[in-house]
Structures are given as structure tokens and as C-alpha cells.
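Taking it in order: structure first as C-alpha cells, then the write-up.
Just so it is clear, the values below take in all heavy atoms, side chains as well, and ignore hydrogens, waters and symmetry mates. Bear in mind that the values here come from a model prediction, so they are computed numbers and not experimental data. Labels below follow one simple rule: chain letters A, B, ... track the order of the sequence lines, proteins then strands, and each chain is numbered from 1.
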2 protein chains.
Amino acid sequence: MELKRYNRQNRMLVAVDCIIFGFDGQEIKLLLIKRGFEPEKGRWSLMGGFVQPGESFEVSAQRVLKQLTGLENVYLEQLYAFGDPNRDPLERTASIAYFALIDISKYEKQLSDHFHPEWFSLKKVPSLIFDHKEMIQMAKEKLRYKSAFQPVLFELLPAKFTLPQLQNLYEGVYESHMDKRNFSRKVLSTGLLIKQKQKDKAGSKKGAFYYKLDKKKYKHLFNSFLKFGPEPGKI
Amino acid sequence: MELKRYNRQNRMLVAVDCIIFGFDGQEIKLLLIKRGFEPEKGRWSLMGGFVQPGESFEVSAQRVLKQLTGLENVYLEQLYAFGDPNRDPLERTASIAYFALIDISKYEKQLSDHFHPEWFSLKKVPSLIFDHKEMIQMAKEKLRYKSAFQPVLFELLPAKFTLPQLQNLYEGVYESHMDKRNFSRKVLSTGLLIKQKQKDKAGSKKGAFYYKLDKKKYKHLFNSFLKFGPEPGKI
DNA sequence: ACCGTTAATTGTCAAATGTACAATTATTAA
DNA sequence: TTAATAATTGTACATTTGACAATTAACGGT
């Protein structure tokens, strides 16, 4: 006997939402849009969309991300499945949240003016629909946890970046101050960084040397444990 | 204008599956059941169930876990949402996978003979339905990752346990050998363990002292970063 | 050409932690 | 009493971390 469906079970909508992080060289930002349909039309929201037939969650998140940013092949990781029965007041909808780390310099606003996107400082996130605030909170925590042991924050940087920028990034993630000398010793000891001859003279008179990622070592190191992040207890 | 539903969108089934870990003092085990309905009836499977109306994912996983083990208030954490459109051949079904760490000594088989559950060594997992093998693989990796920095493995131990047992546990998780002297120094330095006067004389003539968890310190430490696990590069 | 300003770069020492390695002890059974 | 087994304990060296400040490079103005 073959069945055609699982009878007597309830089906529900499934959506994806993307927590999109960017870094402008000074601080970490979050890309939000104005929701374009009811309910809650016009309020700030994470970019999202319903999972389509034949589409996996990952592909769905990639599609949504590309819709908004035009970007592909960016760092995208599943964060958590939010399934509270009442999280969407209109109808039960599960949301698979993904967080993305993008190189903000590759982002072009024009592509997606339809969504009225804006970058927000992590410290100035507006009121959001549904459980999106909770999603962001969890994404922040995951980013902290993860970047303490894996060099994932480089995904937020352009191809060339300076040590002060990198340190700003880590300090932003951990909301703490780090010692310049110890920080540079630590990151350079990984062997991940290749010093360039060129300097970035935007931020100071002396200028700061650019560095590039050693992509071979990066891919190799990514899946081993690292000891990044601040000193335990100082977070 | 108020809408009643999101029109033109497809709904899907959502289930939870539980990866249930246990530890018998020697090695880490996995609790599997024989699937009781079509398709794939009679094959080995993770314990799971459909998410019911009004039930969050977490509650759903707790219900499923209790159904099989009779246990409540055990360590249960969301692992990943599996959403491949064809993961269930009968009908599109998303699965929110949870992993559970239970004290195997509290488990009583009789409660759930209906499911024909059996404990399997992690090295001898049978062929499984759908993507359950992938779920287990991911759960193993997460357990490794997590227990390297948080003292989560204590959830697998009974109230009283010995240092050799604890070391077996860590060695099982990391599939590697650790030095007894360094291991005991490391775990004792956390201050998490309280030495008992009693000994466990089952495993040796000399007997090994029991230890208990300092539950206050445990809860406090749980959310700070620790440096457990093996030496990097030795995994 | 010199000076002042700004921010990047570089170094050292002490403390804590990690690593490698083996002798001693408690208990049981013969 | 002895032999056997597995638990317990210690030490020296290497590595990493943490705290701390002087020097350097480039610019703009004098």
C-alpha cells in the first residue's frame, strides 16, 4: 500500500529572513528594509521571503539576499529556525533565519531601491516587525561566538584592509577595547595576512599598510579552532 | 484592508527530529528507533514527529523526546533546519533537528517499547532514512565544537562520575587520546568538580573517586568561553 | 627647511598556560 | 605476601598571553 500524503497533519508557511551584516571600516552595520506588504506594511524589517516549491532553504536565502544586494557567493549561514506559532499574526509562518556577512564596498543601493533599504548601526536598530529583533540579537551572539574561534570576520572586509580597520571590526563585535600591540601580534601570528606595499592614507597622516588575506591558508584554517576574540571575562 | 492569509504561497509539513546522545561510561551512544509508518516503515530512524498546531519547535522537540525517553528538563538544543525539497519522498517536509544530551542512567527502555528503540555506538550507526545520517554527522560536529569551549558534556553524565569516565567521554567526542595528568589538571582547575569521599570500584581494583558538579559554578560558567577540548591540530 | 600633530608601528618582561613525560599508590585476588 | 591493575600525583620546559610606552612616518603650516 502506498500513501500519497501524510494525512491529518497541518502544513504551514515557511519563510527565510536574512540578517545582513556589513562593516564600513569604522563600525558594524545591519541592512534593513521597509516591509512592502500587509501586515505591518511600512515598518522596518529584515529582508525575507517565502520558501518556494522546489527551493531549499539555503537557495531561498541566497535568492532573497541577491534580490536585495545583487550579491552572490557571499558568506551565508543558517542561524536558527524560528517557529513560534504566533510569530506572524496573520498565519502560522516558520522563519529560517540566515545571517550574511558582506563586503559593504560591493553593495550598491540602487539595485534594490524598491525595498527602501538602509544600513543601521548595531547600536541604533529601529523597532522591527515580529521577532526580528530577537533574530538580530541571536545573530550578534553567534557572530561573537563564532569569530572568537574562526576567522570569519574577514568576510566583512574588502580585499585590501588595514590593521586598524581589522581591530575596529573586532572591537565592534565584542564591544570592547583591545590593545593594539597584542592585537597585531595575534593576528599576524596566524600567518593569514599578507602585507602590501601600499598604504591607506585616508585615516591618518602616516597611513596604514594594507593587508590581504592569504586565501589558501584562510580556507585551510577556517575549519580548525582558533583562539581569537578578547580575553575571557572581558566581554 | 485586512488580509486573512498569505495567498499564492505554498505551505509544507514541518517535523522535528531528535539526535539523542547518551554515554555509558565507556563510549558515546545514539538512540534510534524503528520507523513505524510508511514510507520507509521498519527502517532505523531518529525519533521525530510533526509539529502540531499551537506548538513551538522547542515544545515539539520536548514532546517527542519525552515520548521516547520519558525524560523532561534535559539538555535540548536546536541543531539545524533541514529543508531540501526532496528529503522526504512522499511530500515536502521540513525537519527542525534538535540534539539532546541525556543521562543514560535515567533512561528506561520499557517506557517506549512501542518504538523499538536501541542505543548504537557512534561508530556503528546503521543505515538510516532520509537525511538522518547527515543530521547525526552535523550533531557530532556541533558537539565537538561546543564542548571545546563550554562544559556541555556534563549533561551526559550521572550525578556522580569519575575522572576516568569524564576523560573517556572527552576522548570519545574528539576521537583522540589525551594525557591523564594534563586532563585532570585541566578539569580540576575549572573548580567545577567536587570530590566525593566515595569511590567507584567497578572499573578497577584501586577504584576511582566520584566527583559531582558544582551546579552553581556550572550555570555561571556555562555561558563564558572555556578552553576545553584537545590541543588544536590534534583532532 | 623645520616643527607640530596625528595615528601607525614596534618591543619587552612577567605571568599564566600548555605540553611532554613516569613514578607512586590503593586495592583486590591469588 | 605478592602480583596485577588502574588511579593518582609532579616537574621542567616551551609557548602564549597580558600589561605597558617609546618611536616612526607622513602631512600641513610656519
Side-chain angles (χ1 to χ4, degrees), chain A residues 25-27 148-149 151 157 160-171 174 176-212 221 224-235, chain B residues 25-27 148-149 151 157 160-171 174 176-212 221 224-235:
Chain A
Q26 294 299 124
E27 60 173 359
F149 310 115
L157 292 166
K160 290 190 296 185
F161 53 88
T162 68
L163 284 186
Q165 282 168 5
L166 185 62
Q167 186 169 349
N168 281 341
L169 179 50
Y170 272 88
E171 290 181 345
Y174 292 104
S176 68
H177 178 73
M178 299 175 185
D179 182 85
K180 282 185 285 187
R181 294 157 286 193
N182 294 339
F183 181 82
S184 71
R185 177 158 45 108
K186 209 168 181 177
V187 292
L188 293 176
S189 77
T190 63
L192 280 175
L193 301 191
I194 304 170
K195 193 172 189 172
Q196 307 298 111
K197 291 179 179 172
Q198 207 188 349
K199 275 187 170 183
D200 168 34
K201 296 190 180 162
S204 75
K205 294 175 179 175
K206 181 176 179 180
F209 281 105
Y210 280 118
Y211 286 82
K212 277 188 183 177
L221 262 185
S224 41
F225 296 96
L226 285 183
K227 292 176 190 169
F228 254 105
E231 308 74 42
K234 287 211 174 176
I235 302 176
Chain B
Q26 294 299 125
E27 60 172 359
F149 309 114
L157 293 166
K160 291 189 298 187
F161 54 87
T162 68
L163 284 186
Q165 282 168 4
L166 186 61
Q167 186 170 350
N168 281 342
L169 179 50
Y170 272 89
E171 290 182 345
Y174 292 105
S176 69
H177 178 73
M178 300 174 185
D179 183 84
K180 282 184 287 188
R181 292 158 286 192
N182 294 339
F183 181 82
S184 72
R185 181 153 44 93
K186 207 168 181 177
V187 291
L188 293 176
S189 76
T190 64
L192 280 175
L193 301 191
I194 304 170
K195 193 173 189 171
Q196 307 298 111
K197 290 180 179 172
Q198 207 188 349
K199 275 187 171 184
D200 168 33
K201 297 193 178 159
S204 75
K205 295 175 178 176
K206 181 175 178 180
F209 282 105
Y210 280 117
Y211 286 82
K212 279 189 182 177
L221 261 186
S224 41
F225 295 95
L226 285 183
K227 292 176 191 170
F228 253 105
E231 308 74 43
K234 287 211 176 179
I235 301 174

Axial cation check for B/F209 ring with B/K199, 6.0 Å and 45° limits: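 Here B/K199 passes the 6.0 Å and 45° test against B/F209.
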
For the side chain of [X], counting heavy atoms from C-beta on, which of [options] is nearest?
X: B/S204; options: C/dT9, C/dA7, D/dA7; result: D/dA7
X: A/N182; options: D/dC20, D/dA7, C/dT27; result: D/dC20
X: B/S184; options: D/dT9, C/dA7, C/dA26; result: D/dT9
X: A/A208; options: C/dT9, C/dT28, C/dA7; result: C/dT9
X: A/K206; options: D/dG10, D/dA6, D/dT24; result: D/dT24

Under 4.0 angstrom between B/K199 side-chain N/O and D/dA7 OP1 or OP2: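 For D/dA7, neither OP1 nor OP2 has a side-chain N or O of B/K199 closer than 4.0 Å.
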
Starting at atom [atom1] of [X], determine the distance to atom [atom2] of [N], rounded to an integer number of angstrom.
X: A/K186; N: C/dT17; atom1: NZ; atom2: P; result: 14 Å
X: A/L188; N: C/dA8; atom1: CG; atom2: P; result: 15 Å
X: A/F183; N: D/dA21; atom1: CZ; atom2: P; result: 21 Å
X: A/M178; N: D/dC20; atom1: CE; atom2: C1'; result: 18 Å
X: B/D179; N: D/dT8; atom1: CG; atom2: P; result: 14 Å
X: A/Y210; N: C/dA7; atom1: OH; atom2: C1'; result: 15 Å
X: B/K195; N: D/dA7; atom1: NZ; atom2: P; result: 13 Å
X: B/D200; N: D/dA6; atom1: CG; atom2: C1'; result: 12 Å

Sugar-phosphate only, base, or nothing, as touched by A/K180 at under 4.0 Å among non-hydrogen atoms: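 If one applies the 4.0 Å heavy-atom cut-off, A/K180 turns out to touch a base.
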
Test applied, side-chain contact (heavy atoms from CB on, under 4.5 Å); reference residue, B/Y211; option that passes from B/I194, B/L192, B/L163, B/V187: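 With B/Y211 as partner, side-chain contact (heavy atoms from CB on, under 4.5 Å) holds for just one option, B/L163.
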
Whichever of A/K205 and A/R181 has its nearest DNA chain D nucleotide further upstream toward 5':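 Counting from the 5' end, the first nearest nucleotide belongs to A/R181.
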
For B/K206, side chain to side chain donor-acceptor pair (under 3.5 Å) partners two or more places apart: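 Testing B/K206 for side chain to side chain donor-acceptor pair (under 3.5 Å), a comparison that skips the adjacent residues, returns none.
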
Spacing of OH belonging to A/Y170 relative to CZ belonging to A/F183, to within rounding of 0.5 Å: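 Spacing of OH (A/Y170) from CZ (A/F183) equals 6.5 Å.
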
All salt bridge (charged side-chain N to carboxylate O under 4.0 Å, His left out) counterparts of A/R181, not counting sequence neighbours: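 Scan of A/R181 (salt bridge (charged side-chain N to carboxylate O under 4.0 Å, His left out), adjacent residues dropped) gives A/D179.
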
Donor-acceptor pair under 3.5 Å, B/R185 side chain vs D/dG10 base: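 No such pair is found, so the answer is no.
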
